[in-house]
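The structure under discussion appears below in the form of structure tokens.
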Protein chains: 4
Amino acid sequence: MSQQDQIEQWIQEIIKIDEAKLTDKQIKIIQAAVEVFAEKGYAASSTSEIAQKAGVAEGTIFRHYKTKKDLLLSIVSPMMSRLIAPFVWNDFKEVLESDYPTIEEFLYALAVNRLNFARKHLKLIKILLQEIPFQPLLQEEFKKHIGNKVFHRFAEIVEHFKSKGQIIEMPAPSLLRFSASAMIGLFISRFVIFPDQPWDEDKEIRDTIQLILNGISAKP
Amino acid sequence: MSQQDQIEQWIQEIIKIDEAKLTDKQIKIIQAAVEVFAEKGYAASSTSEIAQKAGVAEGTIFRHYKTKKDLLLSIVSPMMSRLIAPFVWNDFKEVLESDYPTIEEFLYALAVNRLNFARKHLKLIKILLQEIPFQPLLQEEFKKHIGNKVFHRFAEIVEHFKSKGQIIEMPAPSLLRFSASAMIGLFISRFVIFPDQPWDEDKEIRDTIQLILNGISAKP
Amino acid sequence: MSQQDQIEQWIQEIIKIDEAKLTDKQIKIIQAAVEVFAEKGYAASSTSEIAQKAGVAEGTIFRHYKTKKDLLLSIVSPMMSRLIAPFVWNDFKEVLESDYPTIEEFLYALAVNRLNFARKHLKLIKILLQEIPFQPLLQEEFKKHIGNKVFHRFAEIVEHFKSKGQIIEMPAPSLLRFSASAMIGLFISRFVIFPDQPWDEDKEIRDTIQLILNGISAKP
Amino acid sequence: MSQQDQIEQWIQEIIKIDEAKLTDKQIKIIQAAVEVFAEKGYAASSTSEIAQKAGVAEGTIFRHYKTKKDLLLSIVSPMMSRLIAPFVWNDFKEVLESDYPTIEEFLYALAVNRLNFARKHLKLIKILLQEIPFQPLLQEEFKKHIGNKVFHRFAEIVEHFKSKGQIIEMPAPSLLRFSASAMIGLFISRFVIFPDQPWDEDKEIRDTIQLILNGISAKP
DNA sequence: TATGAATGAGAGTTCATTCAT
DNA sequence: TATGAATGAACTCTCATTCAT
């Protein structure tokens, strides 16, 4: 089992996706909704178009989802936790220290994993990002997940390396923001802005990691 | 005249905003539209709400703007060039070399300028970013401005410093993306994600610039 | 056996309610339907709410009743005959003359009986009255029962007393309408308009009867 | 000027109907709505049918009335005060004593006036009565108007005659209920139950008044 | 017999747009 | 130029009814 597969497996255990309970029609509705929401935006999408694309009657949508917003949220809300799943690992630090020879290798594995995840769920993530500003419920979840979980985990790690004198003297939030921005910037360039360009993903990931590490490493 | 004022003046000359021609009602319509679009998103906003907020009749909007989309674009489209105005300077390089003692100082002046600009036009920029995915016209403009102008200008500068051995050996697009991501990440954190936190903007800007420069500087 | 019980027994014999044939689920459906129809009105009630309240599946209702209207009518239609049952007695006159010392006593017994009946089936009677204007079938039944049976019976009695010089000289329909209005007015006040006030029912009934008899009695 | 005209004039002054402000289309909408609501009941009526009957677009209805219920209430609610207008006269007692030779004559004038009013607004009154049970707002208005105004006025008059020994010793509410029931019973018979029968309205009114007065007069 | 998912017609309502004033 | 009443298509959502299980 490769390291990537291993990471993926851990994630699956964490989030326990129970798509099993969905009926055939529900899956078709969700697929159609993702398609249409991603293309036109939530507000500009019509339930009739979703129904048509899903091959069901419009009423069927409302049998499974009380309102159109309900449909959106039940699609998009679980995405948030899946998106940041690897960062809320309980044994994150152990994995980092034991399973990977260098921090570069660890970050590379993580980045590849998330990049593949993003590639797989591109449209859903688009919808999520588009709708966060307008859906208070999503904002709450965002704060809960990112703010409380991911942030504290990262702060821990940063302090760990800082205390060893390996990281530049700077507030943890700034370092986290910087690192995350660089990675997210890569993702957005790759998938949103220039999806049709030829990309040497591997090299771009490695370069970005190097730039980040250069940036935050303490100078001798 | 301070350096900031000087930059601002140059920008004004470049973009030549002709708000002078707008009637009183038009200005009210635009202000109301920005307000409503930013709050609810373009698709979920109604022209009647805009009219009401602007204190004009519904018909008046359509006297000045053929369609709702027309209203959106005439608000948002000019923003793109204003947003990237300083980066398309003709005498960018001269300014950089002659007016500022170090590159840090130059980047700092630039960042402060854009941060203040973003603060002033926050809602408009929000709308712009929200609607780019759905408005082909905006996408074209984005590519035209960013792709052709900003990118080439930066590539020039990067090559200049590379040839002097001061910048790490890496493709210019990657370096640009990395630098821009770090700065934009700061802006989004400041204005979108944590607008209500207390911010030491100056320090955050200087830190971010330091991290970027650390990242891209050639190691001795 | 009290006179009230005796009257009740006669009524039961007349109308022969065959609720025995109803299954458990049917009874629950009817109860739920009465509840919901009375609360929201027939047209504003949904079969799904009835099904939910009855604890059965939506389809089950339509297994027993072809349509929603069918459900309404099979609930409400038998009520009409039950409501006017005592007035269509075959031996009405004999009872009146033999079993009760005075006409006041007879009317009092009758009123108490109907009042208790109305109290017991309040919601059903509400539905019946609400729906008569919109259900031609109910209108027919109303005319058949009231018009043909009750009216002729009363006309007979009135003529009987008129011929004895005990009742004022006035057309029987007017006298019937007057008497019925006074009693029905009492019922509606009691149950519909002021159901929550404290009522001395006995006294109100006796007063109303006295007023009616005062009104229709021939003056010496 | 006849006594009837005089009464009508007083009423007009009291209720101050300002139908003048209604546009042509609004009047058509109201007329159509009254027609359809009366025929099918509020809940079973569709706005599209009303629009069609009024000869306007469906959207036009919602420009003037926020919701379907709004349409109902703005039609029906003003009816309540108009319906009971003559009974809330400030100088009711003076009129009764000065302008009419006998109380019979006064009641007769009043009854004729209300009968003509009911005839003119038959459908509206039907709708009002049908919807009172389901519209809390109407119930409130009913209690406010009938309970507080009409009732107290009548109680006053009853006490006045009681003290002169002309009315039977009985609670005022019972006497009012009895009298109102007899009159309302006549109206309902006339307009709702047997609208198609030939009616000698004058005689029926006079008979009913006589029966009421017989009922409530103190016996020598 | 009982279920409940599925239907699709039609409900009330919104809205960008038009046009007579 | 500015208005706002009017439009009617399109929207989200409800509902009585059907039917495979």
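Order of the sequence lines fixes the chain letters, A, B, ..., with proteins taken first and strands second; residue numbering starts at 1 for each chain.
With DNA chain E read from its 5' end, the first of the two nearest nucleotides for A:G59 and C:G59 is the one closest to C:G59. DNA chain F is contacted by both B:V56 and A:T67; B:V56 maps to the nucleotide lying nearer its 5′ end (nearest heavy atom per residue). Each of A:K66 and C:K69 lies near DNA chain F, and the nucleotide nearest A:K66 is the one positioned closer to the 5' end. Sequence order on DNA chain E of the closest nucleotides to B:A43 and A:D24 puts A:D24 first from the 5' end.
A donor-acceptor pair under 3.5 Å is absent between the side-chain atoms of A:S77 and the main chain of A:S74, judged by distance alone. The main-chain N or O of A:P133 is found under 3.5 Å from a side-chain atom of A:Q139 such that the two form a donor-acceptor pair.
Checking A:K126, A:K53, A:K123 one by one against A:E35, the salt bridge (Lys or Arg N to Asp or Glu O under 4.0 Å) holds for a single residue, A:K123.
Contact of the C:F142 side chain with the C:L128 side chain is not registered, since no non-hydrogen atoms from C-beta on lie closer than 4.5 Å. Looking only at side-chain heavy atoms (C-beta outward), D:L72 and D:K68 stay at 4.5 Å or farther from each other.
Contact between the side-chain N/O atoms of C:T47 and the OP1/OP2 oxygens of F:dA16 is found at a separation under 4.0 Å.
Atom-to-atom, NZ of D:K40 to C1' of E:dA11 comes out at 13 Å; the value is rounded to the nearest Å. The nearest whole Å value for the distance from the CG atom in A:L71 to the P atom in F:dC13 is 10 Å. Rounded to an integer number of Å, the gap from CD1 of B:I61 to C1' of E:dC15 is 12 Å. When the P atom of F:dT7 is taken as reference, atom NE2 of D:H64 falls 9 Å away, rounded to whole Å. One can place CZ of C:R63 at 11 Å from P of F:dT18, the figure rounded to the nearest angstrom. In this structure, the CD atom of D:E49 is 9 Å from the P atom of E:dA11, given to the nearest Å. In this entry the distance linking CZ of D:F62 with P of F:dG4 reads 22 Å, nearest Å. Protein atom CD of C:Q52 is 13 Å distant from nucleotide atom P of F:dT14, rounded to whole Å.
Across all strands, B:T60 comes closer than 4.0 Å to base atoms (heavy-atom distances). Across all strands shown, A:S46 has heavy atoms under 4.0 Å from sugar-phosphate atoms exclusively, and none from any base.
In this structure, E:dG12 forms a base pair with F:dC11, meeting either the Watson-Crick or the G-U wobble geometry with both donor-acceptor distances under 3.5 Å. Across every strand in view, E:dT7 sits in a pair with F:dA16 that passes the Watson-Crick or G-U test at under 3.5 angstrom.
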